[in-house]
Protein chains: 2
Amino acid sequence: MSGPIRQPSRTPTLADVAAAAGVSLSTASLAFSGNKPVSEATRGRVLSAAGSLGYTGPNPLARNLRQGRSGVVGIAVGPLSTAFRDPAALPMMDAVSQVLEDEGLGLLLMGDSAEHARLPLDAVIYQICGQETWAAYDDLVARGVPLVVVEGPAWPGATFIDIDHRRGAAEVATHLHDLGHRRVATLTLQESHPQREREAGLREVFPDAVRIGRCVSDLTAAQELTSAFLSEPTDVTAVVCQSDVQAAAVVIEARRRGLTVPDDLSVAGFDGVPTPWLDLELTTVVQPFAEKGRATATAALHRIEGEAVDDVVLPVTLHVGASTGRVST
Amino acid sequence: MSGPIRQPSRTPTLADVAAAAGVSLSTASLAFSGNKPVSEATRGRVLSAAGSLGYTGPNPLARNLRQGRSGVVGIAVGPLSTAFRDPAALPMMDAVSQVLEDEGLGLLLMGDSAEHARLPLDAVIYQICGQETWAAYDDLVARGVPLVVVEGPAWPGATFIDIDHRRGAAEVATHLHDLGHRRVATLTLQESHPQREREAGLREVFPDAVRIGRCVSDLTAAQELTSAFLSEPTDVTAVVCQSDVQAAAVVIEARRRGLTVPDDLSVAGFDGVPTPWLDLELTTVVQPFAEKGRATATAALHRIEGEAVDDVVLPVTLHVGASTGRVST
DNA sequence: TTGTATGCGTTATCAC
DNA sequence: GTGATAACGCATACAA
């Protein structure tokens, strides 16, 4: 064999392939990218040269630098164990990753450590489920990274994807009012945009709703608060929760104390997530999770392309289940 | 002001900063990376020049190319909604992301689409929960990307992190045998490495265990299989499941049919995940999730450094809860 | 359809 | 402690 001596330990580059195929570097590049037409013959030569050299395709790192993109979108969710414990997070993220994957982009999980500022991200989605942390925000804005905020606070420069928390909460409250309830209690989430909106919606109908407490969307935490509340005498006939997990906790704890749902106590949730371990269909406000995820990912894609993107507020729908009933007289 | 005319619309580079600070490019680089000593005075000049130019630090894309690393580790989990529906996935991934984050690395979620082969990943973790798909495997191997397989099949060249499924399953089976059980049924996972091992452990003690069925670790699916099984008369006194979610389903369905657990039927699980919505502590095999995650991430880090890494098999522990009892005579 | 020539923005190697 | 210079591997504008 002729030709220059091969360095066996170096991974081949596109230049090596081009040389072996007897074409120019740019032609070899086009043979892989398909960004411009290449004759079938030369493409064949390039690909077979690549094959025999063990060339596995253009180095993503080099392409990224050249194109100024990493192909990776970050999603800030906070600590994974808490972020995903909330069943409402999953279907939404699933849709996000699906849309991105279809475009060949990857989804990178970010805690909140601001460490990830050193990673090359084409855009960042904030889906922090109420934990309103800024951490890396300033840095990302300074670097011009497009930001999409899901149900979050109004950060300047970000695109917002939201649902109509307030209307949903008002609808479920109206539903209870129609059933004759007048004295209701509420279990709220931690201080956050969704919490504020949902509570505001509730108080449009029940301005004097008693707050049982405030906790994350966690069964155990919610059950403890409910237990403390129900251990004192109360004239409340309904509990409005800000998540289905909380509502399930109220149902479980109420039953544990001998109450019947909904005869003795009506319970409403929010989200519309499956609770197959509960033998009772919750009355709740159903979010369009998939649509929310798609809207989020699509917004990120558009912003990466430099396009202007409108904020989105998606509608929710009241689902009347078996956990709410007419108030007993 | 003197000097060349500034292009206002171009984001500043390290060269711009160096020029503005009156130092060389390499010195400016060192001022940011700290890879070599730089006098405090010049570092100050560099940083203040960066500040006034709005330079936000070295471009990650360029650094990645130069260093041959992306700082991103992929984790193949399949479709998110199924991957995370299994509560066993969370604490493990949490530990993985924690370890990586401490090293400044990011964690990228991969479906199984092989699309992600075009992304620059420093290593890939396969945590596919029994879905034994190869998809991108060949490609990754060809590109020399280090692979870490968690509870997976024996892929050549990969590092393996596993738990002692077989011993755990045998221990829970022995526990039941000690309680007098002789006729047991089992609910198994989909065909996979964990399933095979766990079932083998069970059959060391109960070679003739009846298989109720095979399903993913999903409450509804498991409940349906159990319902079908219990609708026929049976002399089985215990059901051994391969996940806690399955076990919870068996408990729920057994009770729905008027059986008492564990008096009429003993039920055992696997994993040791919290099931706060079940008012019964499951007898189960507890996995060291956090340790598994740390071992996985650590293995990935070492392999990225080019070091050899030993496979890991972590021990499990039997936890006797209230879902198993002495067989009634 | 193909080839030539730049430059993406760094970091690392060397000399000073 | 600092500076000049050479890659890193590729995609594109432009010329042929």
Side-chain angles (χ1 to χ4, degrees), chain A residues 7 9-47 49-50 53-71 104 117-122 143-145, chain B residues 7 9-47 49-50 53-71 104 118-122 143-144:
Chain A
Q7 305 271 0
S9 63
R10 200 171 56 75
T11 75
T13 78
L14 192 52
D16 299 328
V17 174
V23 302
S24 79
L25 179 56
S26 59
T27 300
S29 176
L30 294 177
F32 279 98
S33 72
N35 286 355
K36 282 191 173 183
V38 172
S39 85
E40 212 37 65
T42 54
R43 137 169 284 136
R45 290 223 307 289
V46 171
L47 294 181
L53 285 179
Y55 180 74
T56 54
N59 180 327
L61 259 25
R63 186 188 24 222
N64 286 351
L65 173 58
R66 182 59 232 250
Q67 300 187 330
R69 295 193 179 176
S70 65
R118 299 181 72 80
L119 294 174
L121 300 175
D122 290 347
R143 286 167 47 198
V145 178
Chain B
Q7 306 270 2
S9 63
R10 199 171 55 76
T11 75
T13 78
L14 192 51
D16 299 328
V17 174
V23 301
S24 79
L25 178 56
S26 44
T27 301
S29 177
L30 293 177
F32 278 98
S33 72
N35 286 356
K36 282 191 172 181
V38 172
S39 84
E40 210 38 65
T42 53
R43 138 169 284 136
R45 291 221 308 289
V46 171
L47 293 181
L53 285 180
Y55 180 74
T56 54
N59 180 328
L61 259 24
R63 186 190 18 227
N64 286 351
L65 172 59
R66 184 58 237 247
Q67 301 188 332
R69 294 194 180 175
S70 65
R118 299 181 71 83
L119 294 174
L121 301 175
D122 290 347
R143 285 168 48 196

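Proteins come first, then strands; the chains are lettered A, B, ... in the order of their sequence lines, and each starts at number 1.
- One can place NZ of A:Lys36 at 14 Å from P of C:dG3, the figure rounded to the nearest angstrom.
- Contact annotation for B:Ser39: backbone-only contact, meaning every heavy-atom pair under 4.0 Å involves sugar-phosphate atoms and none involves a base.
- One atom, CG of A:Leu30, and another, P of D:dC14, lie 16 Å apart when rounded to the nearest Å.
- The two residues A:Ala28 and A:Ala18 come nearest to each other via the heavy atoms CB-CB, 3.8 Å.
- For D:dT12, one of the phosphate oxygens OP1 or OP2 lies less than 4.0 angstrom from a side-chain nitrogen or oxygen of A:Asn35.
- In the set C:dT10, D:dT2, C:dG3, C:dG3 carries the atom at the smallest distance from any side-chain atom of A:Thr27.
- The CZ atom of B:Arg69 sits 14 Å away from the P atom of D:dG9 (whole-angstrom rounding).
- The distance between atom CZ of B:Arg63 and atom C1' of D:dG9, rounded to the nearest whole Å, is 18 Å.
- Atom P of nucleotide C:dG7 and atom CG of B:Leu61 are separated by 19 Å, given to the nearest angstrom.
- Residue contacts shown for B:Leu25 include a base, since a base heavy atom lies under 4.0 Å away.
- Minimum interatomic distance between B:Val23 and B:Val46 (heavy atoms only, all atoms of both residues): CG2-CG2, 3.8 Å.
- Annotation: side chain of B:Asn64 is in contact with side chain of A:Pro120 (closest heavy-atom distance under 4.5 Å).
- Minimum interatomic distance between A:Leu119 and A:Arg143 (heavy atoms only, all atoms of both residues): O-NH2, 3.2 Å.
- With hydrogens and angles left out, the side chain of A:Ser26 and the base of C:dT4 share a donor-acceptor pair within 3.5 Å.
- Nucleotide D:dG9 holds its P atom 7 Å from the CG atom of B:Leu65, rounded to whole Å.
- Considering all non-hydrogen atoms of both residues, A:Phe32 and A:Gly57 come closest at CE2-CA, 4.3 Å.
- Nucleotide C:dG9 holds its C1' atom 15 Å from the CG atom of B:Leu53, rounded to whole Å.
- Rounded to whole Å, the distance from CG on B:Asn64 to P on D:dC10 is 15 Å.
- Judged by closest nucleotide on DNA chain C, A:Arg43 is the one of A:Arg43 and A:Ala62 placed further toward the 5' end.
- Residue contacts shown for B:Ser33 are absent, as no nucleic acid heavy atom lies under 4.0 Å away.
- Of the candidates D:dG3, C:dT10, C:dG3, C:dT10 carries the atom nearest the B:Thr13 side chain, counting heavy atoms from C-beta on.
- Nucleic acid contact class of A:Tyr55 (heavy atoms, under 4.0 Å, all strands): sugar-phosphate only.
- For B:Ser24, no side-chain nitrogen or oxygen approaches OP1 or OP2 of D:dT2 to under 4.0 Å.
- Two residues, B:Ala28 and A:Pro60, neighbour DNA chain D, and the one matched to the more 5' nucleotide by heavy-atom proximity is B:Ala28.
- Using a 4.0 Å heavy-atom criterion, one finds that A:Leu14 contacts the sugar-phosphate atoms exclusively.
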